[in-house]
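Structure first, commentary second.
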Amino acid sequence: MKTIRLMTVGGVIAYRALFNWTRPSIFIGTLLIGPLFQLLFFAYLGRQLQVADDRFYLVGNAVLAATLAGVFGGTLAVGNERRYGTLGHVLLSPRSRTAVFLGRALPYGANGLFIAVFTLSVSALMLGLRIPIGAVPGLLTAMAIGSLASAFFGLTLGALGLRFRDVWVISNVAVALLMLLTGVNVPRANLPGWMATTGQYLPITHAAEAARQFAAGQGWSAAGPQLGREALVGLGYAVLAAVLLKVFEFESRRTASLETL
Amino acid sequence: MLLLGTITHIKQISRSPLEVAIAMVVPIVQATLAVYLFRSGGEQHRLIEAAVGAGLMGVWSSVLFGSGGAIQNQRWQGTLEMIMLAPRRPVLVILPITLATGLTGAYSLLATLAWGRLLYGIRLDFVHPAAFVVAAVVCIVALGMFGLLLAATFVLMRNANALTNALEYPIWLVSGMLVPITVLPAWTGPIAAVLPTTWGARALREATTGGPVWPSAGICLAISIVCLILGSFALTYVERRARATATLALA
């Protein structure tokens, strides 16, 4: 129970710390307007090239939108502690640092879900996509699992930030690669084999496919396996993040390089 | 002063892994995405357009994030007061920074063309090769001048980052860098018409696939000169206001 409290309350406090020095404008501009125009860009490009229909682009890019909060938030959850010199205080805590850091991913997962819902709702209204009401629970589930998987992926990248100086490079490149490899914009069948295979191990690939199945009116039995794969990918990144954080914490203490930028 | 300032800032930007990643790696990923999208749509004959468009998208990203952060970065580095104390007009101090972001963005264009040629065998058969080079230079300089107006505007806003992050895709979309503006809603037309990016993209496309390059390049340059004049006045106003209220170094 204490661990759950540590994860949720600690995560919320860290999330507020990231945003409390800004106004809502930075949230709206970065996490709502940006992803919405990203979706419109690919939807219009897809329409013009006739690669796939609007549903493919709207649903896929709405799930992709969730990764912004997850990847950047997860990266900053660790990177900012180092940047602002507070990492030492966190690591001195007598509580489980694994729980502390994994808890940081939870608000970003919720944030990602909110962005995905906003992006899909507004874009569906703008471009006239009809989504069956019965698909909503399934869509929300797919988006929630995809968002959480993205947040754990971001946390893994953030752990790398304990070893590499510039986490912004890692997160910017990662977000661009997600756009290419997860099949949200180019159907995976049209990607080279190695790209499609890599995509299977990245967050949101399976969530986007599941969300498309729900939006097309298919049920849980059709989308369930994809949701299961997405959950496994997310769990894999959570474990990887925990291991990397543990290893890098040990290494940082051993080489006294904790605060070195 | 403009030349030396621009070179200095190019050197500084080129040593930032983040700037180099945004200027080179991200556009290459986007060019790859564009190539597979165009292939999926059966538009193999337009792959060179995809490479040029993706490169120009990289130039815009570089200008947007570089110019948007031009003054903020000086503020964070503690050098804003020093450069504003220089006995020259503010425009001569800030313009080299925004020009440098445009020139750094040229990496994107070169990188995506080289990437397309080497990896995907895209033949770089420009209909007007000389005009393409001129149009690219005009486009980069023009975006640098547009960046000055952005820098001057952003300095008035506490959270310029919010606008910077929100402006990347809308300009890509409305300017027709990859998506033809004819497929967009009609209300975007007037917005596209006043953006130098629209005319720059058009000039590059016309040099690539054929068409009257010079009118588009001329309009791009003319709009950018208007941006330069407006940006110059805005910077002078901002500097005086910041001196009067003692807020120059305050974010």
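Lettering follows sequence order; numbering is per chain, from 1.
- Residues that satisfy the ring pair (Phe, Tyr, Trp, His ring centres under 6.0 Å) test with A:Phe37, not counting sequence neighbours, are absent from this structure.
- Inspection of non-hydrogen atoms places A:Leu177, A:Met179, A:Leu180, A:Asn185 of residues 177-185 of chain A under 4.5 Å from chain B.
- Contacts with chain B were tallied for A:Ala52, A:Pro192, A:Pro187; A:Pro192 has the most, counting heavy-atom pairs under 4.5 Å.
- Side chain of A:Arg104 to main chain of A:Ala77: a donor-acceptor pair is present (N/O by atom type, distance under 3.5 Å, no hydrogens or angles).
- Looking at B:Thr98, its side chain does come within 3.5 Å of a backbone N or O of B:Gly144 through a donor-acceptor pair.
- Side-chain contact between A:Val233 and A:Leu202 is absent, with no heavy-atom pair separated by less than 4.5 Å.
- Of the possible polar contacts, none joining the A:Asn61 side chain to the A:Leu64 backbone as a donor-acceptor pair under 3.5 Å is found.
- Considering B:Leu148, B:Leu230, B:Leu149 in turn, B:Leu148 is the only one that fulfils the side chain to side chain contact (heavy atoms under 4.5 Å, CB included) rule with B:Leu235.
- Heavy-atom distances place no part of B:Arg39 under 4.5 Å from chain A, backbone and side chain included.
- Residue B:Glu168 does not touch chain A at all, counting heavy-atom pairs closer than 4.5 Å.
- Nearest approach of B:Ser62 to B:Gly105, heavy atoms of both residues: OG-N, 3.5 Å.
- Remark: the backbone N or O of A:Ala210 is not paired with any side-chain donor or acceptor of A:Gln226 at under 3.5 angstrom.
- Neither the backbone nor the side chain of A:Ile170 comes within contact range of chain B, judged by heavy atoms closer than 4.5 Å.
- Within a 6.0 Å radius of CD in A:Gln50, other residues, nucleotides and ligands contribute 12 heavy atoms or fewer.
- In terms of heavy-atom pairs under 4.5 Å with chain B, the best-connected choice from A:Ile33, A:Leu40, A:Leu32, A:Val186 is A:Val186.
- Using a 30° and 60° split on the angle between ring planes, B:Trp60 and B:Phe146 fall in the parallel class, below 30°.
- Listed by sequence position, B:Leu178, B:Val179, B:Pro180, B:Val183, B:Leu184, B:Pro185 are the residues of residues 174-191 of chain B in contact with chain A, using a 4.5 angstrom heavy-atom cutoff.
- Of all residues spanning residues 146-154 of chain A, none has a heavy atom less than 4.5 Å away from chain B's heavy atoms.
- In this structure a side-chain-to-backbone donor-acceptor pair under 3.5 Å is present from A:Thr205 to A:Gly199.
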